[in-house]
Amino acid sequence: MTHPMKFFLRVCLLAACTGLVGCQKSETTSAGTAGAKPLTIGVAFETLQTEYWVAGFEAIKADLKKRGHTMLEAVSDGDTNRQFDQVKNFITRKVDGIILVPKDAKTCLPIIKAANAANVPIVLFNRPADKSDAKSVAVVADNFALTRETVAYLVSEAKKAGRKHKAAILIGDLGDINAIGRRDGFDAAIKGSESVVEVVARIPTEWNQEKAQAGLVNALQASPDINFIFTSSDFLLPSIVSALKTAGKYHQIGMPGHVILGGFDGDATAYQLLKDGYLDATGVQDVYFEAAQCIQAVIDLRAGRTVPDLIRDPGFVIHQANLQQKAAQMWGAQMSKK
Amino acid sequence: MRPRPSSPGILVLRQAPLILFAAIVLLFGALAPKFLTADNAINVLIQAVPTAIVAVGMTFVLLTAGVDLSVGAIMFLGGAIAGKLLVGGQPLPLALGAILAVGVAFGALNAVFVTRLRIAPFIVTLALLFIGRGVALTITQTRAMNLPDSFLQLGATRIAGVPLPLMVLGAVVLTAQVVLMHTPFGRQIYAVGNHPANARRAGIRTQRILAAVYIICGFCAALGGILSLAQLGAVSPKFGEAYEFKAIAAAVLGGTSLFGGRGAVFPGTVLGAVLIQSIETGLVILNADPYAYPVVTAAVILIAVLVDSVRNTALSRLTQRRIRVDA
């Protein structure tokens, strides 16, 4: 029989390992730039589980290094409590500012209030907080406007074909405000063009590729004439490609049977599909702009300058016609070179 | 007078999961006639294959009153290693072998912690879930990896008109059913789950049985991962996420007890997996409001578990043997 104390210690050891695995912390330091006092900035991401977050994380890291500041980093793997502890740890270590990717708009409020209480500027990267008395700055893409613009381009392509299209939208996590903004942008773009595009499938994916693939296969089963697909994130594109290949509907632009395809984010897969002529358009979030704005906001707040609560990343729509011109600004195109 | 075990009431109660499944299929069929087509039935079955195979492995573990939360991580880690091999130009069989090896290795690791160090399966497998996903994220650098077309062809292959995934599922279910129902090893699994101390006293090497079920579960998770990748054609950072809950739900929906000693792979677990997939497919075909998905899915699972609970209570009452004590 195992001794109860030994058993308890083993459980504690394993539980501690469990907690530590998902929490990676390290420091990136570089020499300070001439003239400016080097700052220490804590960067806490909720997840690194999509290319977009990795690109954002790397962009912040590179920008801070270039400016000569020190970065403390933490990833909470979707655990809000852990992220709260990580931020409290930053505060204890007397950071000059915090850049945060929260899990959602509500659970980050206590984290922001903790930073406010310690008088540490806090800037949210890509996900804004709900309105409250907690003070923060958010740098976000205009999910609604950028999606509306992207889908409007797709609708214009459908109009050119001169026949009615049946559409499917892959919706992200319904608890994610960005996913909701994109869904609403899609609806706004379609509104008024129902004679050209009829939405026959709304597929919730929970940002999960398997759900997206299964959902789209099912939708194609129910409506084999679907010929217009929009995904709320480019990271679901492989699922769409797989479903279209299975259904024998994966054709390049201009070929008979081509399914009009659009996305959002601008990742490496989207860039490849644009180059290969399968993807019509995608709304690109300007990761480098957002990273630079976050850092600048921390610096400005630290210096007592006024910063607006919301800084919009206008993003841009990239499509076949402007691919050459815009590719250099597309973060996915840069990542595909690595 | 008490009903006989073969009375209609008891037969109906015994078939409660099947009746519930039929009711849901008929309901979706009535709402959307396309749901009842043969094409859709095959589609549902193919999509249910990965969950069903992972759930078969999970059933072995649940029968011993254990649990394996690392199955989704095994799928992801196996997929990540295979993806790297394939992108590096290695042949498909090597990649498939690597996935299965990861499954067996993780199963063996779980087994060592559970049987040798006697740590609670929940804690061990939870730890390996995080370790597995962490290692896989490191390998992939959080990048999605598109697999070569040969992997997708695996999912689309038909042998004598039967889709390969269905053939694999058939082989897995048949083997599991024979092992559980017709071999001493299978009976020992039930015995360990029913009462480990009594099983030990009866001469069963309980530690070996426990080790075996975790290795089987790891292998099934890896195999389910292969078939899921064969449908998806890509490894994403979220691949396999929450599969542990899907597998447990399928097994429990099929009548497997979380407390061990009761349950079956066929029709039980397979039916549970197909039921979950049927709900998801039915909702898409109906073009239901996306907000309705979690509500409907959870409600059906709750009803199924409630029906199962009522059924078990009623069955144990109806089939109870009474000892008459003569004065």
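Here the structure is a predicted model, which means the values were calculated and not measured. Reckoned from all heavy atoms, side chains included, excluding hydrogens, waters and symmetry mates. Each chain gets a letter, A, B and so on, in the order its sequence line appears, and its residues count up from 1.
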### Message
Strictly distance-based, threshold 3.5 Å: is any side-chain N or O of A:Q209 a donor or acceptor partner for the main-chain N or O of B:L232?
### Response
no
### Task
With a 4.5 angstrom heavy-atom cut-off, could you sort out which part of A:V54 is near chain B: side chain, backbone, both or neither?
side chain
### Task
Answer with side chain, backbone, both or neither: which region of A:Q272 has an atom nearer than 4.5 Å to a non-hydrogen atom of chain B?
neither
### Task
Determine the option with the most heavy-atom pairs under 4.5 angstrom with chain A, choosing from B:I285, B:I46, B:L129, B:L147.
B:I285
### Query
Roughly how far, to the nearest 0.5 Å, is NZ of B:K238 from NZ of A:K211?
11.5 Å
### Contacting moiety of A:V241, where chain B heavy atoms sit under 4.5 Å
neither
### Query
Roughly how far, to the nearest 0.5 Å, is the CG atom of A:L236 from the OG atom of B:S236?
8.5 Å
### Message
If we check side-chain contact (heavy atoms from CB on, under 4.5 Å) with A:N218, which of these qualifies: B:V284, B:V44, B:L283?
### Response
B:V284
### Task
Look up atom CG in B:D149 and atom NZ in A:K245, then write down how far apart they are to the nearest 0.5 Å.
4.0 Å
### A:E210 (side chain) donor-acceptor with B:G240 (main chain) under 3.5 angstrom
yes
#### Entry: Region of B:N146 in contact with chain A, defined by heavy-atom distances below 4.5 Å
side chain
### Query
Checking heavy atoms, do the side chain of B:Q277, its backbone, both or neither come under 4.5 Å from chain A?
side chain
### Region of B:A288 in contact with chain A, defined by heavy-atom distances below 4.5 Å
backbone
### Task
Kindly compute the distance separating CG (B:N43) from OG1 (A:T246), expressed to the nearest 0.5 Å.
9.5 Å
